[in-house]
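A short write-up of the structure that comes next.
Side-chain atoms are counted along with the backbone in the values below, which use heavy atoms only and exclude waters and symmetry mates. None of these values were measured; they are calculated from a predicted model.
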Amino acid sequence: MSLADQIFVDMCTDILENGTSTEGQKVRPHWEDGTPAYTIKKFGVVNRYDLSKEFPALTLRKTGIKSCTDELLWIWQRKSNNIHDLKPHIWDEWADPDGSIGKAYGYQMGVKHHYPEGDMDQVDRVIYDLKHNPFSRRILTNIYVHADLSEMNLYPCAYSMTFNVTEKPGHEKLTLNAILNQRSNDVLAANSWNVMQYAVLVHMLAQVCDMEVGELVHVIADAHIYDRHVDIIRELITRPQYPAPIFHLNPDVHDFYDFTPDDVSLENYVTGPKVENIPIAV
C-alpha cells in the first residue's frame, strides 16, 4: 500500500482524536455564507517521505499531478503572482480584478538579491548552490517577507524550502533532500496537493543538478481539519488503499526553466473516487 496513504490516515486520525478545536474563538477564515470557519487542529506535525522509495501520491483519492505541477511552476519557474498565468482556479478567490494576488508567492521568488557571485533571485540561487556548493547549509528559500505582507492578498502558507545534500556510501551521485515548512495546512483541500507538488520540485531539481532524490520532510505548524470537512475526512480515511504509482519525469530536460506540466506523469495510479465540491474557507 502507499506510504503516503498511511501517513495521511495516521495524521487525520491523530487530529480528530487528539486535536484541539478553535470553535468559539476569533478566527479569520469564513465560509461563503459568512459563518466562521472553525477547525480541529494539531500543532507541529512532521511527515517524512522517502522519495527514493516511492512517490507520495494519495490513492484514497486522486490528486491531479499536472495541475499541482502547474501551480508549482507558476511560483518557482514563471515566478508569477497573476492567476491569468495559472490553469487551475485555486487562487481565484484571492485575486484582484486584474488577476494579481499581490506581492506574494511567485512575486517573492522573482525578486533579485545581491550576492558576491552576482544578482540572483531565490530559485536561481538554490540551483547555483546545489551545483557549486552542494554541502552548504544555507540553501533555502523564504517567501514570508514581513515588509511585503500588507501587500499580499494571502500570507504564504507553504513559505520555505530548505535543501540539504547528503552522500550515500556506494552511490555515484549525491542525494538531494528537502524540508517544506508550512505555517498552516488545510488537510483535506491542500495536504496531498502540497506534498505531491514539492515532491515534484525535488525530483526536478535533483535531475537538473545531477543528483538522486532523497527525503522530503513536511513540517506543518498548524495542521487542521475544518468543521465542514470532518465528515468527508472520516469517510476518506476508511477507503481502500492501493499501491503507490510510479512517477515519471522527462529525462531529457536538464534546465529547470524548460520543464512543463507535460513532463510529469504517474503510471499505474489507481485511486478511490474524487472528492467533489469541497467547501473552501477564505
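Side-chain atoms of Ser2 and Thr59 form no donor-acceptor pair, as typed in the model, at a separation below 3.5 Å. No side-chain donor-acceptor contact under 3.5 Å links Glu267 and His248. For the residue pair Ser80 and Trp74, a side-chain donor N or O sits within less than 3.5 Å of a side-chain acceptor on the partner. Looking at Asn164 and Asn177, their side chains never bring a donor and an acceptor atom within 3.5 Å of each other.
The neighbour count for Glu117 CD, taken as heavy atoms of other residues, nucleotides or ligands under 6.0 Å away, is above 12. Taking a 6.0 Å sphere around CZ of Phe43, one finds it holds 12 or fewer heavy atoms contributed by other residues, nucleotides or ligands. Atom CD of Glu93 is surrounded by 12 or fewer heavy atoms from other residues, nucleotides or ligands within 6.0 Å. Within 6.0 Å of NZ in Lys53 there are 12 or fewer heavy atoms belonging to other residues, nucleotides or ligands. The number of heavy atoms from other shown groups lying within 6.0 Å of NZ (Lys87) does not exceed 12.
Taking a cutoff of 4.0 Å between a charged side-chain nitrogen and a carboxylate oxygen, Lys41 and Asp222 qualify as a salt bridge. Comment: Arg48 engages Glu215 in a salt bridge, judged by a side-chain N to carboxylate O separation of less than 4.0 angstrom. With respect to Asp70 and Lys66, no salt bridge is recorded, no charged nitrogen being found less than 4.0 Å from a carboxylate O.
Within the structure, no pair that satisfies the ring-ring contact (aromatic ring centres under 6.0 Å, His included) test touches residues 107-126, not counting sequence neighbours.
Taking the centre of each ring, Tyr226 and Trp31 come in below the 6.0 Å mark.
Under the side chain to side chain donor-acceptor pair (under 3.5 Å) criterion, His89 pairs with Asp92, sequence neighbours left out.
Residues Gln207 and Asp252 share a closest heavy-atom pair of NE2-N, 4.5 Å. In terms of heavy atoms, Leu60 sits closest to Arg239 at O-NH1, 2.9 Å.
Using bins of under 30°, 30° to 60° and over 60° for the plane-to-plane angle, the ring pair Phe55/His203 lands in the tilted bin.
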